[in-house]
Amino acid sequence: MTLDGLLQRHGGWLESGPDEGPVISSRVRLARNLRDTTFPGWASKEVRNRVWNEVVLAFDGVPDNGSFLRWRMDELSTLDRDLLFERHLISRELAERQTGSGVFVNEDECRAVMVNEEDHIRLQSLQPGMNLQKAWEIADELDNALEQGLSYAFSSKLGYLTACPSNVGTGLRASVMLHLPGLVLTEEIKPVINAVSKIGLAVRGLWGEGSEASGHMFQISNQITLGKPELEIITNLEQIVLEVIEHEKNARLRLMSKQEIRVHDHVGRAYGILANAALMATGEALDLLSALRMGVDLGLTPNMVRRDIDRLFIRIQPAHLQKEAGVVLSPEERDIKRAQLVRKFLEGK
Amino acid sequence: MKCDLCDKEAVVHMTQVVNGEMKEVHLCEEHAIAQGIDLNSPISITDILMGLSGPQKNIAHELSLACPRCGMAREEFRKTGRLGCPDCYKTFMAELTMAIKAMHHSGQHLGKIPAREGVQTKVKSKIARLQQDLEAAIAREDFEKAAKLRDQIKKHREENTPDDGSKK
């Protein structure tokens, strides 16, 4: 399948999963490096190419290696790289790298292995809903399979050695993507973010940098990677995320019991703009779709299902719109296409 | 109290609240000078931990230090915060040890071990974990459990000849 084929499909991690509603997906990332080999940011082109070739060979040892597609960054257009980024399959950093950098993605997009990003290998496992344990098991399994063909840089004291000391040890970054409009509308999001940050976890907006999250989407992840076993890191994160989910659900209940008419108005107005606008910027679309998504969860928009809206979150992004149109579009042309796409979706409902 | 980086007596003691958590650093005179600490001026513990502070002119010889494998100079590492290769962990061990402890509140890996690693690595990891359990048992004054853990550690150490440290 070509990269264009991705457009016709939806990432498996967008399917429904446990504790859905406030939770979009769970992710586990492992950072690995090859023994006696310069890290990608400091390595020559020759070394970077050698690392790519070694990883290609190591994939022979992955049981279902036939289900993985692979692309090298220097063979892809900017638009294609942006498409992979928008689908959460590569990082912005990898999208900007060239020689020897690339990605392996399995068909349902639940597993991806970035090569020559900040580390030689960044292995990612994505699962729908609240499912960190499963995401870890899958990442661990893929890591074990790759390890058969690769010698990792490892120290008995510091664990897996990484280009940045902030990832050393397990090399594990676990995160959960959350939709928290209730906490944003009740203005309780800042105290929650502060409390979570104080206990060694990081919170950031899913789209855009900083804590200002478009679409009321947030990502909570562990910061500490050394000194605890992987499962303990995951269980700690899971416990905190479950508490945040509880806060979000309570905030929604309070909104519905005390300000029901305002919630109706908020969701209804979002629907009105989405159904009629002729021009729509990405940020505006994300915020309006967020309101609609909450409306679905609260039973205010009976014709819609959450999964369709989650797919729209991906499809309205710039590279997706341009790939779908088959041409490069100016920002205004994208705003027109985005408005059309959303209108068409709502007309079908 | 001992220096965080060697066995000498610490002469510099610093405390700062980072992300709501109290951090303490204790350094002997030699390491305090090596880190460029000027006790007459206000100082950020985070900068010290990351090796970013201090009068660098006094440590010009240290800045010239470079990793023998990849050639990354200390100055480059300080500028980018990224290492050049796995060997850099040995080259820049002094400042890395402090930075890593500040970031992770630990200096010992307790997670997964690659299958290719030898028995020694696995034994070391096992001992590190028992050591952590021992410290926890002492902290909660469960001395019966602590004694059992101490014996287990001793047994593991006796059964396995320790090697010379970490391997890449």
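Just so it is clear, the model here is predicted, and its values are computed rather than measured. Order of the sequence lines sets the chain letters (A, B, ...), proteins ahead of strands, with each chain counted from 1.
- In terms of heavy-atom pairs under 4.5 angstrom with chain A, the leader among B:Gln108, B:Arg82, B:Lys112 is B:Lys112.
- Residue A:Gln124 is tested with A:Arg111, A:Arg27, A:His88, A:Arg29 for a side chain to side chain donor-acceptor pair (under 3.5 Å); the sole match is A:Arg27.
- Per-residue heavy-atom pair counts under 4.5 Å with chain A were compared for B:Cys88, B:Ser106, B:Gly84, B:Gly107, and the maximum is reached by B:Gly84.
- Minimum heavy-atom separation, A:Pro40 to A:Asn116: CG-OD1, 3.4 Å.
- Nearest heavy atoms, A:Cys164 versus A:Glu118: CB-OE2, 3.3 Å.
- A:Ala174 and A:Leu132 make their closest contact through CB-CD2, 4.1 Å (heavy atoms, listed as atom of the first residue, atom of the second, distance).
- One distance of note links CG of B:Leu110 with NZ of B:Lys126; it measures 11.5 Å at 0.5 Å rounding.
- Scanning residues 140-148 of chain A against chain B with a 4.5 Å non-hydrogen threshold yields A:Asp140, A:Asp143, A:Asn144, A:Glu147, A:Gln148, sorted by number.
- The contact between A:Thr37 and chain B is made entirely by backbone atoms, counting heavy-atom distances below 4.5 Å.
- In this structure, the separation between OH on A:Tyr152 and CG on A:Asn33 is 9.5 Å, given to the nearest 0.5 Å.
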TODO: Test A:Thr225 against A:Arg173 for side chain to side chain donor-acceptor pair (under 3.5 Å), laying out the working first.
DONE: CA-CA 7 Å; A:Thr225 56; A:Arg173 194 81 61 202; 5.5 Å; no
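- Annotation for A:Ala31 and A:Arg122: closest pair CB-NE, 3.7 Å, computed over non-hydrogen atoms.
- Aromatic ring orientation, B:Phe77 versus B:Phe92: parallel (interplanar angle below 30°, classes split at 30° and 60°).
- The minimum heavy-atom distance between A:Pro165 and B:His104, with the atom names listed, is O-NE2, 3.0 Å.
- Of the atoms belonging to A:Leu30, not a single heavy atom falls under 4.5 Å from chain B.
- When heavy atoms are compared at a cutoff of 4.5 Å, A:Ile233 does not approach chain B at all.
- A:Glu54 and A:Arg32 are not joined by a salt bridge, as no carboxylate oxygen comes within less than 4.0 angstrom of a charged side-chain nitrogen.
- Applying a 4.5 Å heavy-atom cutoff, the residues of residues 128-145 of chain B that approach chain A are B:Arg129, B:Gln132.
- Ion pair A:Arg50/A:Glu46 not flagged as a salt bridge, since none of the NZ, NE, NH1 or NH2 atoms sits closer than 4.0 Å to an Asp/Glu carboxylate oxygen.
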